[in-house]
Amino acid sequence: MNATAKTGGKSIPGLLGAFTAVSLVGGVIAAGLVAPAVGATGVASNTAVNAFLDLPSELEDTPVSATTKVLAADGSPIATFFDENRSPVKLEKVSPFLQDAVVSIEDERFFEHSGVDTEGLLRAVAVTVLKSESQGASTLTQQLVKNTLKLQAYVKGDEAGMLEATDTTSDRKLREIRLATALEKRLTKPEILERYLNIAWFGGQTNGIEAAAKYYFGTSAKKLTLPQAAMLAGMIHNPNAYKLGDPTSHERATARRNRVLDKMLELGKIDQAAHDKAVKAPLKPKITATRAGCANAKTRAYFCDYVYNVITESDDFKALGETQDARENALLRGGYTITTTLQPKVLKAAWNSVKDRIPPKDPSRIATATVSVEPGTGKVLSIIQNKFYNPKAAKQNTTVNYSTDYQYGGSSGFQTGSTFKPVVLAAWLDAGRSLYSQLDGSPGTLPINSFKSCGQSVGSYDSYTFQNSAEGQGEGMMSAWDATKDSINGAYIRMTQQLDLCDIQKMASDLGMHRAQPVIDPCIPGNYDAKKPKTTTKVPQCEPSVALGTASQSPMTMASAYATFASGGIRCNPVVVTSIKDRNGKKLKVPDGTCKRTISEKVANAATLGMSKVFTSGTAVSVGSLSSGQPASGKTGTTNLSQDTWFAGYTPQMATAVWVGPETVNGKRDNMQGVTIDGTYYGAVYGATFAGKIWKDITSKSLEGEPVKQFGEVDSSLVGSPPPPPEKDDKGDDGDGGDDSDGGDDSDDDSGDGQDDGGDDSQDDGGDGGDEGGQEDQDR
């Protein structure tokens, strides 16, 4: 045989050289010094050893990726996020059976060697040379090194590095050996075993022993039984060959498990009785998948979606990363535990109501979305809609979160109609007027330049025509209180005429209101700064129709704004995260509600009183008061042709906004006049028809068993004195105040704003219908 003869595809000189190099390395490891030179001059041996000693000896610490858990306020799970499904655990939380099983089958001399099993390595080389077949000899430490190098390359997006980490060349093997021996000097054996068990792959998206125990057996690593531990230890060799849960591989998997048990018996890790009992145990996997993402959060999906988007989109969460990409990566790999404000009791009440009132699969394609907020803290207690969070096209599915702003995965918002009127009422009270102040509620036409904007007349020679919901409604003088409970457009337009449009906009801003999707708007908060001279301030040209809710807002914004009234004028930014802990239990900084007083307590309390009659004699009389006796205030809202309907209301403990409207289908939105919903025909849908009743369902169920609390005292100066009764009243009650057929709220924009499933802003910047022929108050 000549010098280039082959054995099993490998040249004999090459194999002998590898054998020599490995032998020399083995000498270095075993003796702690350079092995004696071999051959006539010793050049070959010294060169090999020096080359080995010149290899890198420090393995960079790279934390393994870990699953991030998102929890409700009570600790129940909402969702998980992961790139690799893994929950790192300390060694003391791993079953001793599992520890012994892994060492027995993967590296029986683990506690004796110094990173490289010289005996096993030499035997493997000999088998490779003499039998022309490959035999592995990697210790647990070497496997840890290989997996860590692969992980480092993966984190960096280095595909070539990932391939290099698992290459079968002798160079890679020597580098692995060098790093393993150095690692053994830096870490204890238990530390190495712990890292190995947390980085090991168990097939699919299952990484680390804790995730494997849960996935395959529905238990924890600490509670693994002997046969379960033996099975998982056996899988490490080749997870794809032993697919638990796949009956076709169970015979092979059982044989592998029993081999591990045999090895444990041979090494004295278990006795004969334990061995025999485990061998006879049937293989009973209990596949318990850990699914990632909000789509798997069921009824908690839309809340989850908001949490994810707030964390990744907002710079308030820089503790998780400076950029959006960094924060997304942190959620996927960081192993954080995020506790949220979600109250399962409130969410359950909301889900039961929306799905029962308007079923998800209803052919009408009418959607509803609700948000509940805790006054005084800003904590978001619930986010839900009558749809299933799913990207697959179906009438009952959407990933558009109708409850939130466009920035956070929501739509472009919905015109609020008369649910905006309490803003005007608050500005009215803040200007020193009272609830009993008298106003003409009749429909009519007023010159636009009779309205003031930031101290100046609105620059327009046009007229503004406005109407009420029914012919004859609102005729004559009435109090601001009655105008509120009956939602009289005429009175509110004249109220607006006596105020400054910029003051109304400022009040909206003080309550926390803003458009769901920013648009070019001539009248937005921030354009006016009273502290700056008029000569340097661009005066926004607000339109009178702004008082009737033409700006498109999200249910989140409306719930938060009404919570400001409920808290007595303390505005809090919405809060959904109360705690973030890293994988070591260390708390990270999270934003709070940034609560501050933005309107006076007496104005907030008087506005609350002003909205209190809506249930007893106003537009929501068909909804009725809470049976618990809990005091409540609120407001209905309906836009032109019933395209968007609302109810926003609150008790001292909780504020909830409910929106009901048609979905966007093929880029268009219908209205809710002449529609059949859940088998019932409606000539028109108003704020009290569905939204008000959903609000009552949610509030009643959520506050069951809770103490009855009262709103703050009202300053009598803002209530005022009722006018003397008329000598004779032949007209009777001025409308039925809340009957669903005509008891809704104002319709202030014929075009509507509308959500759009793709997130585009389909609104027309408010679409003031007043200039074209009037605002029709459809549900008062």
Side-chain angles (χ1 to χ4, degrees), residues 299-303 305-306 346-373 381-389 394-404 410-411 413-417 419 516 552-559 620 623 634-639 642-649 655-665 669-673 675-680 682 684-702 740 744-745 752-757 779:
T299 58
R300 302 179 177 195
Y302 291 106
F303 189 97
D305 180 83
Y306 183 65
V346 181
L347 184 78
K348 182 179 180 181
W351 169 244
N352 286 339
S353 181
V354 297
K355 73 177 177 64
D356 291 345
R357 297 283 183 183
I358 308 177
K361 295 184 180 180
D362 195 74
S364 66
R365 300 294 298 267
I366 301 301
T368 178
T370 83
V371 177
S372 296
V373 173
L381 309 178
S382 170
I383 299 173
I384 197 69
Q385 56 200 51
N386 68 329
K387 299 293 172 183
F388 298 112
Y389 187 95
K395 291 181 179 179
Q396 69 270 26
N397 297 339
T398 182
T399 55
V400 177
N401 196 340
Y402 300 142
S403 296
T404 65
S411 70
F414 312 98
Q415 290 191 344
T416 58
T419 50
S552 296
Q553 303 186 60
S554 69
M556 175 72 73
T557 294
M558 296 302 290
V623 174
K635 188 73 188 71
T636 52
T638 307
T639 62
S642 299
Q643 187 169 72
D644 293 306
T645 65
W646 291 81
F647 191 87
T656 299
V658 182
W659 164 83
V660 176
E663 293 186 277
T664 297
V665 180
R669 291 185 72 213
D670 289 330
N671 57 54
M672 292 187 292
Q673 291 191 329
V675 294
T676 298
I677 302 174
D678 196 23
T680 300
Y682 296 88
V685 175
Y686 304 109
T689 309
F690 288 104
K693 293 177 177 62
I694 291 171
W695 176 88
K696 186 176 182 180
D697 292 342
I698 296 170
T699 306
S700 297
K701 286 292 184 181
S702 298
D740 284 346
D745 203 12
D753 178 65
Q755 90 281 359
D756 108 29
D757 288 350
D779 83 358

Just to verify, what does [X] make a side-chain contact (heavy atoms from CB on, under 4.5 Å) with, not counting sequence neighbours?
{"X": "Ser700", "result": "Leu626, Lys696"}
{"X": "Ala369", "result": "Gln385, Tyr402, Ser403, Pro555, Trp659"}
{"X": "Pro360", "result": "Trp351, Lys355, Phe388, Gln396"}

Identified side-chain contact (heavy atoms from CB on, under 4.5 Å) partner of Pro662 from the options Val685, Ile366, Val675: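 Exactly one option meets the side-chain contact (heavy atoms from CB on, under 4.5 Å) with Pro662, and it is Ile366.
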Under 3.5 Å, side chain of [X] to main-chain N/O of [Y], donor-acceptor pair present?
{"X": "Thr416", "Y": "Thr419", "result": "no"}
{"X": "Trp646", "Y": "Thr639", "result": "no"}
{"X": "Lys693", "Y": "Ala688", "result": "yes"}
{"X": "Asn401", "Y": "Tyr302", "result": "yes"}

[atom2] on [Y] to [atom1] on [X], rounded to 0.5 Å:
{"X": "Thr645", "Y": "Phe690", "atom1": "OG1", "atom2": "CZ", "result": "8.5 Å"}
{"X": "Ser353", "Y": "Lys348", "atom1": "OG", "atom2": "NZ", "result": "14.0 Å"}
{"X": "Asp670", "Y": "Ser642", "atom1": "CG", "atom2": "OG", "result": "12.5 Å"}
{"X": "Gln553", "Y": "Met558", "atom1": "CD", "atom2": "CE", "result": "5.5 Å"}
{"X": "Ile383", "Y": "Asp305", "atom1": "CD1", "atom2": "CG", "result": "8.5 Å"}

Sequence neighbours left out, what passes side chain to side chain donor-acceptor pair (under 3.5 Å) with [X]? Give chain and number order.
{"X": "Asp362", "result": "Ser364"}
{"X": "Tyr306", "result": "none"}
{"X": "Thr368", "result": "none"}
{"X": "Thr370", "result": "none"}

Contacts of Lys701 meeting salt bridge (Lys or Arg N to Asp or Glu O under 4.0 Å) (sequence neighbours excluded), chain-then-number -> Glu704
I'd like to check the salt bridge (Lys or Arg N to Asp or Glu O under 4.0 Å) partners of Asp697; sequence neighbours left out, ordered by chain and number.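 Partners of Asp697 by the salt bridge (Lys or Arg N to Asp or Glu O under 4.0 Å) criterion, ordered by chain and then number, come out as Arg357.
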Is there a side-chain contact (heavy atoms from CB on, under 4.5 Å) between Ile384 and Thr299 once you walk through the steps? CA-CA 7 Å; Ile384 197 69; Thr299 58; 4.3 Å; yes
Closest heavy-atom pair and its distance - Lys387, Ala367: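 Distance-wise, the nearest heavy atoms are CE-CB, 4.1 Å.
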Which atoms form the tightest heavy-atom contact between Val354 and Asn386, and what is the distance? O-CB, 3.7 Å
What residues form a ring-ring contact (aromatic ring centres under 6.0 Å, His included) with Phe647, not counting sequence neighbours?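 Phe647: ring-ring contact (aromatic ring centres under 6.0 Å, His included) contacts with Phe615, Trp695.
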When you compare the side chain of Ser554 with that of Thr404, does any pair of heavy atoms fall below 4.5 Å? no
Let me see the working for Val660 and Ile358 under side-chain contact (heavy atoms from CB on, under 4.5 Å), right down to the final yes or no. CA-CA 9 Å; Val660 176; Ile358 308 177; 3.8 Å; yes
